[in-house]
Amino acid sequence: MTETFKYGAALAADIEARWQEHWEREGTYEAPNPSGSLADDSGRAKLPKKFIMDMFPYPSGAGLHVGHPLGYIATDVYARRLRMTGHNVLHTLGFDAFGLPAEQYAVQTGTHPRVSTEENIGNMRAQLRRLGLGHDVRRSVSTIDPAYYRWTQWIFLQIFNSWYDERAGRARPIADLVAEFESGARACPDGRDWSELTAAERASVLGGYRLAYASDAPVNWCPGLGTVLANEEVTADGRSERGNFPVFKSRLRQWNMRITAYADRLLDDLEALDWPEAIKLQQRNWIGRSEGARIDFTIPAVGGAPANGGTDHTVAVFTTRQDTLFGATYMVLAPEHHLVDAIVPATWPEGTRPAWTGGHADPREAIAAYRERTAAKSDVERQADAREKTGVFTGAFAINPANGERVPVFVADYVLMGYGTGAIMAVPAHDVRDFAFARAFDLPMRCVVRPTDDRGTDPAEWDDAFVSHDAEIIDSSGPGIVLDGLDVSAAKKRMTTWLEQEGVGEGTINYRLRDWLFSRQRYWGEPFPIVYDEDGIAHALPESMLPLELPEIDDYSPRTFDPEDADTQPETPLSRNREWVEVELDLGDGPRRYRRETNTMPNWAGSCWYELRYLDPLNTDRLVDPGIERYWMGPRDGMPLGGVDLYVGGAEHAVLHLLYARFWSKVLYDLGHVSSAEPFHRLFNQGMIQAHVYRDSRGFPVPATEVEERDGRWYHGDEPVTRELGKMGKSLKNAVTPDEICAEYGADTLRLYEMAMGPLDVSRPWDPRAVVGQFRLLQRLWRNVVDETTGGTVVVDEAPDEATLRAMHKAIDGVGRDLDALRFNTAIAKITELNNHVTKQGRVPREVAETLVLLIAPLAPHIAEELWHRLGHTDSVVHRPYPHADPAYVVDETITCVVQIRGKVKARLEVAPDIAETELESIALAHPTVRGALGDAGIRKVIVRAPKLVNIVPA
RNA sequence: GCCCGGAUGGUGGAAUGCAGACACGGCGAGCUUAAAACUCGCUGGCCCUCCAGGGUCGUGCCGGUUCGAAUCCGGCUCCGGGCACCA
């Protein structure tokens, strides 16, 4: 068989396999640590460092399609450019391997999730290996590895064993809090002395402080998945993010993370991060900070009415519009509000309108009926009639503290128990929802903010509420307070001050963010390192007992339970292994019987901190060595909070992974385990690769590869099909795998094509025909260097001509800047342009050939390495200096000259840098705009000044 | 409803002072018995043309700023994304 030197699929495959093996053997992509087991004597640890990361993949059984590696290729190109510009670059990829699909597969087949997951990881590694990604494989971690999740559990214990000290503004060890209680420096919540409390009472008090705590509260129960879910995992229409199953509220005892303690810091620190504005905005909205006030309304005892016990009650409301308190004409409690039953009188007050009673004989009956009606609504239904206002009168009245007015109290489901205090003051004139409710129930409205449009001040004549943050307050004066004439923000301040003086309220801040529900009733996750003693008190396992490995069970299936029955809890898979659950342990006070926690952690846990483990993956004593962590991630110029230099991934994790990881980072920072207060300094969201979906007349997708185009229409065989743009995937029968592209053209072509398709951050369709364009580029480049019959080189040992030199240095300059800015598509266009230039010349000077090879090396590393080798070099392009443009050739051939008339710029001229003054003068005077501007005025003087300014003084 | 982002040839997209780089597709030619995963040329519309070139319109729509606008400003239209009874 004769050897061929034509760059085709076979040769590309040969080159790629050869160099991949070489790089692996040489450890080419290993990044040294400054110390520890991954340190070396290459001296590279002394270089400026860069830590580049991808969002690591879930090892799905479906394998990769070409959309998955888009980000991995981008970070690889960027990392290679950094290596070639003298950086010590840490780039690797692990696997986020706990999660539902493997468990669902186990339910169906009985295969242990570990077995299927590890097989999937193996397949995915093989797929990724073909792409020639320059990863430091020593640092690749997998979240299901006990050596890894040992530290996930360890971090959980750090969080469990700490509390948020509001005064210090940071987390501290729980032992400090105990010491404060013991010394009396801090009073116990219920006013008793710490020493008098039983162990269970102490545990309960501390549970109110711990950053990880168990609580009994309404949670999102998803029967379809057999587990509870975090708020972030439930979509706006009340379904599970994964699987799209309905979600119901149910009261269950679950573990939570006190992420709300960090709301302000999570919000404020966004400012220092180099993240897309859209993601920052999503996080800001999710945290949902609103400044306002708590206002106490008194509901006086109804004389002799047994229902409210004959005592006064105080109901606190939260509002951001305390300035409109004088406009509050009624009050609303959420149906679940705990004071509803206490305030309801036995009978309707005299003169209650029939429309307010819902047709019921007494208030208690009316409220019971209303509760039943709203509770039966699932979140989906509640969403459907979101705008329709329903409610019922409680029969009670509250006193508006500003003017002493008696206002009716309603129950309505447009007020949510989970936000603020679960009660509102209703100002129908200045709130759209209150306006709608007041209209429906014929409640009075009072205008207290002067409308800035022509609607007048009688709300009865309005079509909607008047909402403005920039208007004047009117008709708002009461005992000790006058707001009239103030603007909204001044009125808010004055009202807050008054509320605080009178002791009927205070300025407060509310957040939309809720604590993170952290336990799942599933098997395939990290077990909690928690045991309960006979009194039900939770104890942390000592570090020496970590990792707490997942026990074996023989039935992985989730169970549903009866949410109606308050005494039941969902059965957890881990509880099925009795020997594992019931244990005798010595936690320091002798062997005792304990029961293990049988929930598992959500699959976000492993991804909350994996960047840290990449740094020091073999360390068995610590999560990460502090010196190594500071080296790669510590605060530095322009990054006061530290973090990874570049993190690339999809935008779908905006309020999930990206929020959780920031939270864990801050806890670890507070407790002194890391120097970086933020995990990811710079974030980049890559777009999606879309693909055409072809559907037959019944709407079913047909395989995209079997569709033919004829006269602008598409046919599957003889059947016409429709075409639309959609996600790439198995179910839509349009997936293209990297393997098939590699087989047809090679990995370098795939890499180039993915990078050349368009800007990295926008979604764009995969065009199967267009891939060949990048293949042709590589073929032309190959032929410019290699003699296809002998395998020798065709480059000539002569200096490039002037035009070529200029083209070359322009390309070097542009490509370098494009790569630094992640503009890979334009970088490729510039390389192509230069390559086309020399192709047309027919002869390629060695200097140009070598430049081309180095320029393309980050994008197409295999062919670059091969060509570099064939050009007679024995070193690797990987650590070669990237070409540097000679500024002499990059300067523009023309400069801009400004023409002014009466000191005003009238025109700009592109002229040669060395143009003579007299010539410049005549060009300026010949310019049509200049001639027009001068008109008949004539010219008195033309002054040409350095650098190039033509000043024309009209006569 | 509110908040973001976008609109440039047949297609993906370049371009912050020469609109359409680079690529696909298309057309024409070459090589070839034949082919293309080969090579070369042309390829926004309209018009003129002595075939060398030239003119003119043109970046979703309307208006503005500017010597000059795809780019900046104001107002629309359409598309994509996020949030949504959060007081």
Side-chain angles (χ1 to χ4, degrees), chain A residues 6-9 12 235-237 276-282 284-286 288-290 292-293 317-322 324 332 334 382-383 385-389 412-416 418-427 430-434 436-437 464 510-514 651-652 654-655 709 712 725 744-745 749 752-753 756-759 761-780 783 788 814 823 825-836 839-840 894 896 898-901 904-910 927-930 932-933:
Chain A
K6 262 183 146 57
Y7 189 79
T235 60
D237 57 353
E277 260 323 300
I279 302 287
K280 287 191 186 183
L281 204 66
Q282 277 189 64
R284 281 189 203 111
N285 289 342
W286 189 258
R289 179 187 153 108
S290 355
V317 304
F318 173 73
T319 180
T320 56
R321 293 300 302 272
Q322 60 270 39
T324 62
V332 186
R382 202 178 281 232
Q383 182 64 22
D385 51 25
R387 307 268 145 211
E388 203 183 305
K389 295 288 178 287
D413 68 351
Y414 84 93
V415 173
L416 310 174
Y419 184 79
T421 62
I424 62 157
M425 65 178 207
V427 185
H430 306 295
D431 181 281
V432 290
R433 296 149 306 184
D434 297 344
F437 189 85
D464 57 5
N510 239 289
Y511 300 90
R512 205 184 91 113
L513 184 72
R514 319 278 173 79
E652 66 273 17
V655 293
E709 186 180 350
L725 215 49
E744 207 175 342
Y745 302 105
T749 297
L752 277 175
Y753 179 64
M757 286 171 81
D761 55 351
V762 302
S763 296
R764 57 207 169 271
W766 180 267
D767 182 353
R769 290 178 307 188
V771 182
V772 69
Q774 301 308 322
F775 187 59
R776 288 183 189 141
L777 164 64
L778 293 180
Q779 285 180 319
R780 288 197 299 273
R783 277 197 307 272
E788 291 196 321
R823 290 188 304 250
N825 54 331
T826 51
I828 291 169
K830 282 165 188 152
I831 295 170
T832 308
E833 208 175 352
L834 177 61
N835 190 53
N836 289 351
T839 304
K840 271 186 196 125
T894 58
T896 304
V898 175
V899 183
Q900 288 187 349
I901 300 174
K904 214 178 161 204
V905 174
K906 281 294 167 192
R908 287 168 203 270
L909 311 171
E910 294 295 317
H927 193 280
T929 317
V930 173

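Residue numbering restarts at 1 for every chain, and letters A, B, ... go by the order of the sequence lines.
The gap from the C1' atom of B:U71 to that of B:U16 amounts to 6 Å, rounded to the nearest Å. Taking atom P on both nucleotides, B:C83 is separated from B:A14 by 27 Å, rounded to a whole Å. The same atom, P, is picked in B:G58 and in B:G68; the two are 15 Å apart, to the nearest Å. For B:G60 and B:G54, the C1' atoms lie 31 Å apart once the distance is rounded to whole Å. For the P atoms, the distance from B:U39 to B:C24 is 10 Å, rounded to whole Å. Between B:G20 and B:G45, the distance separating the two P atoms is 14 Å to the nearest Å. Atom name C1', nucleotides B:G26 and B:G80: the rounded distance is 30 Å, in whole Å. Atom P of B:U56 sits at a distance of 12 Å from the matching atom of B:A19, rounded to the whole Å.
We find that NZ of A:Lys280 is positioned 17 Å from C1' of B:C3, with the value rounded to whole Å. Distance CZ (A:Arg289) to P (B:A87): 13 Å, rounded to an integer number of Å. Here the C1' atom of nucleotide B:U66 and the CD atom of A:Gln900 are 15 Å apart, to the nearest Å. Distance A:Lys840 NZ to B:C22 C1': 12 Å, rounded to the nearest Å. Here B:C85 presents its C1' atom at 16 Å from CG of A:Asn285, a figure rounded to the nearest Å. Rounded to a whole Å, the CD atom of A:Glu277 is 13 Å from the P atom of B:G6. Between A:Ile828 atom CD1 and B:A15 atom P the separation is 14 Å, expressed in whole Å. In this entry the distance linking OH of A:Tyr414 with C1' of B:C85 reads 9 Å, nearest Å.
Judged by Watson-Crick or G-U wobble contacts below 3.5 Å, the nucleotide B:U66 has no partner. With a 3.5 Å ceiling on both atom-pair distances, B:C50 lacks any Watson-Crick or G-U wobble partner. B:C22 and B:G12 make up a base pair, with Watson-Crick or G-U wobble contacts both under 3.5 Å. Across the strands present, B:C83 finds its partner in B:G1; the criterion is a Watson-Crick or G-U wobble pair with both atom distances under 3.5 angstrom. Summarising the base pairing, B:A29 is matched to B:U39 through a Watson-Crick or G-U wobble pair whose two defining distances lie under 3.5 Å. Remark: B:U77 base-pairs with B:A7; criterion is Watson-Crick or G-U wobble with both hydrogen-bond distances under 3.5 Å.
Here A:Arg764 pairs with nothing under the salt bridge (charged side-chain N to carboxylate O under 4.0 Å, His left out) rule; sequence neighbours left out.
In this structure, the nucleotide among B:A87, B:A14, B:U39 sitting nearest to the side chain of A:Arg783 is B:U39. Side-chain proximity of A:Pro759 to the nucleotides B:A37, B:C85, B:G13 is greatest for B:G13. With B:C67, B:C4, B:A37 as the choices, the nucleotide that has an atom nearest any side-chain atom of A:Leu281 turns out to be B:C4. For A:Ala278, whose side chain is taken as the heavy atoms from C-beta onward, the closest listed nucleotide among B:A14, B:A87, B:C4 is B:C4. Closest approach to the A:Arg512 side chain among B:C3, B:A37, B:C83 is made by B:C83 (side chain taken as heavy atoms from C-beta onward). Listed nucleotides B:G13, B:A87, B:C85 differ in distance to A:Arg764; the shortest reach to its side chain belongs to B:G13.
For A:Ser290 and B:A87, the shortest distance from a side-chain N or O to OP1 or OP2 is below 4.0 Å. Contact check, A:Asn825 against B:G12: no side-chain N or O comes under 4.0 Å of OP1 or OP2.
Evaluation of atom-type donor-acceptor distances gives no pair under 3.5 Å for the side chain of A:Lys830 against the base of B:C22.
Each of A:Gln282 and A:Phe318 has a nearest nucleotide on RNA chain B; the 5'-most of these lies closest to A:Gln282. Nucleotides of RNA chain B nearest to A:Ala829 and A:Arg514 differ in position, and the one nearer the 5' end is that of A:Ala829.
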What protein N or O atoms touch nucleotides 23-33 of chain B N or O atoms at under 3.5 angstrom, if any, and at what distances?
| unit_1 | atom_1 | unit_2 | atom_2 | d |
| --- | --- | --- | --- | --- |
| B:A23 | OP1 | A:Arg780 | NH2 | 3.3 |
| B:A23 | OP1 | A:Asn836 | ND2 | 3.2 |
| B:C24 | OP1 | A:Arg776 | NH1 | 2.5 |

N/O donor to acceptor pairs below 3.5 angstrom from side-chain atoms of residues 773-780 of chain A, sequence neighbours left out:
| unit_1 | atom_1 | unit_2 | atom_2 | d |
| --- | --- | --- | --- | --- |
| A:Gln779 | NE2 | A:Tyr7 | O | 3.2 |
| A:Arg780 | NE | A:Asn836 | OD1 | 3.2 |
| A:Arg780 | NH2 | A:Asn836 | OD1 | 3.3 |

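Because its NZ or CZ atom is not both nearer than 6.0 Å to the ring centre of A:Phe437 and within 45° of the ring axis, A:Lys389 does not count as a cation-pi partner of that residue.
Shortest non-hydrogen contact noted between A:Arg823 and A:Thr826 is O-OG1, 3.2 Å. When all heavy atoms of A:Phe318 and A:Gly420 are compared, the closest pair comes out as CB-CA, 4.2 Å.
Atom OH of residue A:Tyr419 and atom CD1 of residue A:Ile424 lie 12.0 Å apart, to the nearest 0.5 angstrom. Note: A:Asn825 CG to A:Lys830 NZ = 9.0 Å, rounded to the nearest 0.5 Å. The distance from atom CE of A:Met425 to atom CZ of A:Arg321, rounded to the nearest 0.5 Å, is 8.5 Å.
Contact of the A:Tyr414 side chain with the A:Leu416 side chain is not registered, since no non-hydrogen atoms from C-beta on lie closer than 4.5 Å. Residues A:Thr324 and A:Asp431 are not in side-chain contact: their nearest non-hydrogen atoms beyond the backbone lie 4.5 Å or more apart.
Anti is the classification of B:G53, since its glycosidic angle lies more than 90° from 0.
Across all strands shown, A:Ala9 has heavy atoms under 4.0 Å from base atoms, whether or not it also approaches the sugar-phosphate.
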